[in-house]
Protein chains: 2
Amino acid sequence: MIDDTDRRLLSAIQTDAQLTAQELGERLNLSASQAGRRRQRLEQSGIVTGARAVVSPEGTGLQVQAFVQVQMATHEPEKVRAFTRIVKTRPQIVSAWTLTGEADYLLRVYCTDLAALHQLIHEVILPIPAVARVQSQIVMDQLKQDAPLPI
Amino acid sequence: MIDDTDRRLLSAIQTDAQLTAQELGERLNLSASQAGRRRQRLEQSGIVTGARAVVSPEGTGLQVQAFVQVQMATHEPEKVRAFTRIVKTRPQIVSAWTLTGEADYLLRVYCTDLAALHQLIHEVILPIPAVARVQSQIVMDQLKQDAPLPI
DNA sequence: GGTGAAATCTACCTAGG
DNA sequence: CCTAGGTAGATTTCACC
């Protein structure tokens, strides 16, 4: 189904999606046409779902990154929906996961400054009825960032 | 420096880095040449740092995603370096952040199954001398994923 | 694995504010 | 003078051999 060459191809394009078929072929010891065909097959089979440009947060004035853990007061479907709707709508919240354990949700947020983060938490998230408790942790340093999946 | 058209361009290519200059121009009401030129300028100025293919974890057999919070027993430079070296080396750990607050580090990990996650925690992370405590939370659902930065 | 037609990018040129 | 639009040569992709 997916062989070792595919795995190396996936690692390569996760680091740089703009590699040409020729460059991919050189890394994988394949001809450009074979490299391009493999990439196309991985896209069509749904293993590669797209490509995203990486934008420097600092370059766009986003100085503060944080993770916000949210514990729910209730799991009533209607109240939870109100929460998820706000999560999906707020642009500062770029990712949101449901987790096992104490914290029900983990949000990844980007803000221009600490005041904006404070405002997001106290004027947007905490007032949501379903929310019981919020704990935010600011990102001080990024040790490793979006490395290719371990495949 | 960076105007509203640039912001819309950045949002667009964060969702789909493979948009052609023509398609970008249609969305932004610009000619293809201008759209291409703006994208190129944003790349050269360092605001756009690259592009990454998005690979489906399930499609490659990675059934378990988790966040691992790590508290350090010490901050001795040498012991911390041993920790960061392992973090950078282990392919299952795709991202790692230093955080304010109780947990010193947050790791994002992908594993084939629960046993592999368990093994990573108990045989790799916990034995590191600098590590005092580890708490892992498994991702049950992804509500929102890598939305464009709020610019 | 290779080839060629079609699509895409991009450097250069021209026009308008 | 700076920004937008157009054009052509070079590059890349992809269907076919």
Side-chain angles (χ1 to χ4, degrees), chain A residues 1-62 91 94 112 145-149 151, chain B residues 1-62 145-151:
Chain A
M1 183 78 83
I2 184 176
D3 65 11
D4 192 60
T5 304
D6 287 326
R7 277 183 267 277
R8 291 199 296 143
L9 192 155
L10 290 170
S11 286
I13 63 176
Q14 282 179 89
T15 304
D16 183 359
Q18 307 193 347
L19 289 168
T20 65
Q22 172 115 40
E23 291 166 324
L24 265 179
E26 286 163 12
R27 297 195 187 196
L28 304 176
N29 282 71
L30 283 174
S31 68
S33 49
Q34 289 298 352
R37 186 174 317 190
R38 275 181 187 262
R39 178 168 53 185
Q40 191 174 341
R41 185 168 57 78
L42 290 165
E43 283 165 6
Q44 285 170 355
S45 68
I47 291 176
V48 175
T49 57
R52 311 201 160 172
V54 182
V55 172
S56 154
E58 297 81 10
T60 57
L62 295 165
V94 298
T112 51
Q145 177 165 316
D146 296 327
L149 296 182
I151 47 184
Chain B
M1 186 71 88
I2 182 175
D3 65 13
D4 193 60
T5 303
D6 287 326
R7 276 183 269 275
R8 292 199 295 143
L9 192 156
L10 290 171
S11 286
I13 63 175
Q14 282 179 90
T15 304
D16 184 0
Q18 307 194 343
L19 288 168
T20 65
Q22 172 120 37
E23 291 166 323
L24 265 179
E26 285 162 13
R27 297 194 185 197
L28 304 176
N29 282 71
L30 280 175
S31 67
S33 49
Q34 288 300 342
R37 186 175 316 189
R38 276 180 187 264
R39 179 168 52 186
Q40 190 175 336
R41 186 168 56 78
L42 290 165
E43 284 165 5
Q44 285 170 354
S45 68
I47 291 176
V48 175
T49 57
R52 311 201 158 178
V54 181
V55 172
S56 155
E58 297 80 10
T60 57
L62 296 164
Q145 178 167 313
D146 296 328
L149 297 182
I151 46 183

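Within every chain, numbering begins at 1; the chains are lettered A, B, ... in the order of the sequence lines, protein sequences first and strands thereafter.
- The nucleotide whose nearest atom lies closest to any side-chain atom of B:R38 is, among C:dC9, C:dG1, D:dA4, D:dA4.
- Under a cut-off of 6.0 angstrom, the local environment of CD in B:E58 is crowded, with over 12 non-hydrogen atoms contributed by other residues, nucleotides or ligands.
- Taking a 4.0 Å limit (strictly below) on heavy-atom distances, residues 14-26 of chain A does not reach DNA chain C anywhere.
- Atom-to-atom, CD of B:Q40 to P of C:dC9 comes out at 11 Å; the value is rounded to the nearest Å.
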Inset, instruction - Quick one: do A:V94 and B:D146 satisfy side-chain contact (heavy atoms from CB on, under 4.5 Å)? Show the steps, please. - result: CA-CA 5 Å; A:V94 298; B:D146 296 328; 5.6 Å; no

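- Taking atom CD1 on B:I13 and atom C1' on C:dC9, their separation rounds to 15 Å, with Å as the unit.
- Taking the side chain of A:R37 as heavy atoms from C-beta on, and the options D:dA15, C:dC9, D:dC16, the nearest nucleotide is D:dC16.
- Although no hydrogens or angles enter the test, the distance criterion places no donor-acceptor pair under 3.5 Å between the side chain of A:T49 and the main chain of A:G46.
- Side-chain N or O atoms of B:R38 include none that pairs as donor or acceptor with a backbone N or O of B:T5 at under 3.5 Å.
- When the nucleotides C:dG1, C:dA11, D:dT13 are ranked by their closest atom to the side chain of A:S33, C:dG1 comes out on top.
- Contact annotation: B:Q34 side-chain N/O to D:dG6 OP1/OP2 distance is not under 4.0 Å.
- Here the C1' atom of nucleotide D:dT3 and the CG atom of B:D6 are 12 Å apart, to the nearest Å.
- Across all strands shown, B:R41 has no heavy atoms under 4.0 Å from either base or sugar-phosphate atoms.
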Inset, instruction - Test side-chain contact (heavy atoms from CB on, under 4.5 Å) on A:L10 and A:I2 and set out the steps. - result: CA-CA 10 Å; A:L10 290 170; A:I2 184 176; 3.7 Å; yes

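- Of the candidates B:R37, B:R39, B:R41, B:R41 is the only one forming a salt bridge (charged side-chain N to carboxylate O under 4.0 Å, His left out) with B:D6.
- C:dC9 atom P lies 15 Å from atom CG of B:L30, rounded to whole Å.
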